[in-house]
There are 2 protein chains.
Amino acid sequence: MSTSPAAPLVDMGLSIEKMEKVAFILKTTAHPTRIAIVQLLAAHDSLSVSDISERLNVEQSLLSHHLAGMRLKGILSSTRDGKNINYALKMREVIDVIQCLAGCTFL
Amino acid sequence: MSTSPAAPLVDMGLSIEKMEKVAFILKTTAHPTRIAIVQLLAAHDSLSVSDISERLNVEQSLLSHHLAGMRLKGILSSTRDGKNINYALKMREVIDVIQCLAGCTFL
DNA sequence: CAAATGTATGAATAAAATTTCATATGAACA
DNA sequence: TGTTCATATGAAATTTTATTCATACATTTG
């Protein structure tokens, strides 16, 4: 599932499996557009693709790819409403993660 | 410095600049080996490259590349002590970021 | 049903990130 | 000084991620 050294990382409280999962989530979030998506959905609770596309000024297809990835990895959920598909933040913990870093004075 | 959409992301409390910085830090952390490094240095306050290499069972050169990247991005600091070079956690906030996610029940 | 709208998908490409390997550098020590 | 130990560095090879583009799919509406 992820890059793992030949004979791995057995140490400290966090198991290697958990470290991989954490890395997986971090990687899924580590992109300006995706951070913006999280921010948006942190404040809105559910938005359609076109809503997000307009607000972030990101092209439909590209956005769709980002959203699909984030949903696949469990960060977002989606439901259809007529022609639209609404996305919502499922793993709300990522808000804290972002805010934690965003709060750093030196950034 | 980072992938940014044509005409970007003007929205919410977090400025696009800050989102890019946050993404930058997240990306720098989003790797099992690097998470392990943070964990180790969260508990040890300073370790040499060979210390880390042995504990994590990661090959010298590869580790050096990871460490250099993390230092460059301000997450670690390093000081020489004779033949050794000791690395320490500079941006301690990343501990919280990792612990936040690590605390997720579903991981 | 045909056209329009909103979204997804897949293939091709482009750009980054990771890993490996060979070699360089710098400090210590015989 | 020459050798050894600890670490860094750089170039290639590989793998992963991001972007674009064309097109497909589903739902609504005329």
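Quick note on labels: first sequence line is chain A, next is B, and so on, each numbered from 1.
- Rounded to whole angstrom, the span from the CD atom of B/Glu20 across to the P atom of D/dA18 amounts to 14 Å.
- With hydrogens and angles disregarded, a donor-acceptor distance shorter than 3.5 Å links the side chain of A/Arg34 to the backbone of A/Lys27.
- Contact annotation: A/His31 does not reach the phosphate of D/dT16 (side-chain N/O to OP1 or OP2, under 4.0 Å).
- In this structure, A/Ser53 contributes its side chain and A/Val49 its backbone to no donor-acceptor pair below 3.5 Å.
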Nucleotide-resolved protein contact map, nucleotides 3-9 of chain C, B/S/- at heavy-atom distance under 4.0 Å: --BSBBB
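- Atoms CG (A/Leu72) and C1' (D/dT16) sit 16 Å apart, rounded to a whole Å.
- Protein atom CZ of B/Arg34 is 8 Å distant from nucleotide atom C1' of C/dA17, rounded to whole Å.
- Taking atom CG of B/Asp81 as the reference point, atom P of D/dT7 lies 10 Å away to the nearest angstrom.
- For A/Arg80 (side chain) and A/Gly82 (main-chain N/O), a donor-acceptor pair under 3.5 Å exists by modelled atom type.
- Between its two ends, the helix from C/dC1-D/dG30 to C/dA30-D/dT1 turns its axis by 10°, counting five pairs per end and rounding to 10 degrees.
- Contact annotation: the side chain of B/Thr29 never approaches that of A/Val22 to less than 4.5 Å [non-hydrogen atoms, C-beta and beyond].
- A/Ser46 places no side-chain N or O within 3.5 Å of a backbone atom of A/Ala88 that could act as its donor or acceptor partner.
- Side-chain nitrogen and oxygen atoms of B/His66 include none within less than 4.0 Å of the OP1 or OP2 phosphate oxygen of C/dA17.
- Taking CG from A/Leu56 and CD1 from B/Ile16, the interatomic distance works out to 10.5 Å, rounded to the nearest 0.5 Å.
- Other residues, nucleotides and ligands contribute only 12 or fewer heavy atoms inside 6.0 Å of the CD atom of B/Glu17.
- For the pair B/Met70 CE and C/dA17 C1', the computed distance is 15 Å after rounding to whole Å.
- At distances below 3.5 Å, not a single donor-acceptor pair connects side-chain atoms of B/Lys90 with backbone N or O atoms of B/Arg71.
- Within a 6.0 Å radius of NZ in A/Lys73, other residues, nucleotides and ligands contribute more than 12 heavy atoms.
- If you measure from atom NZ of B/Lys27 to atom P of C/dA16, you get 8 Å, rounded to the nearest angstrom.
- With rounding to whole Å, B/Phe24 atom CZ is found 13 Å from C/dA17 atom C1'.
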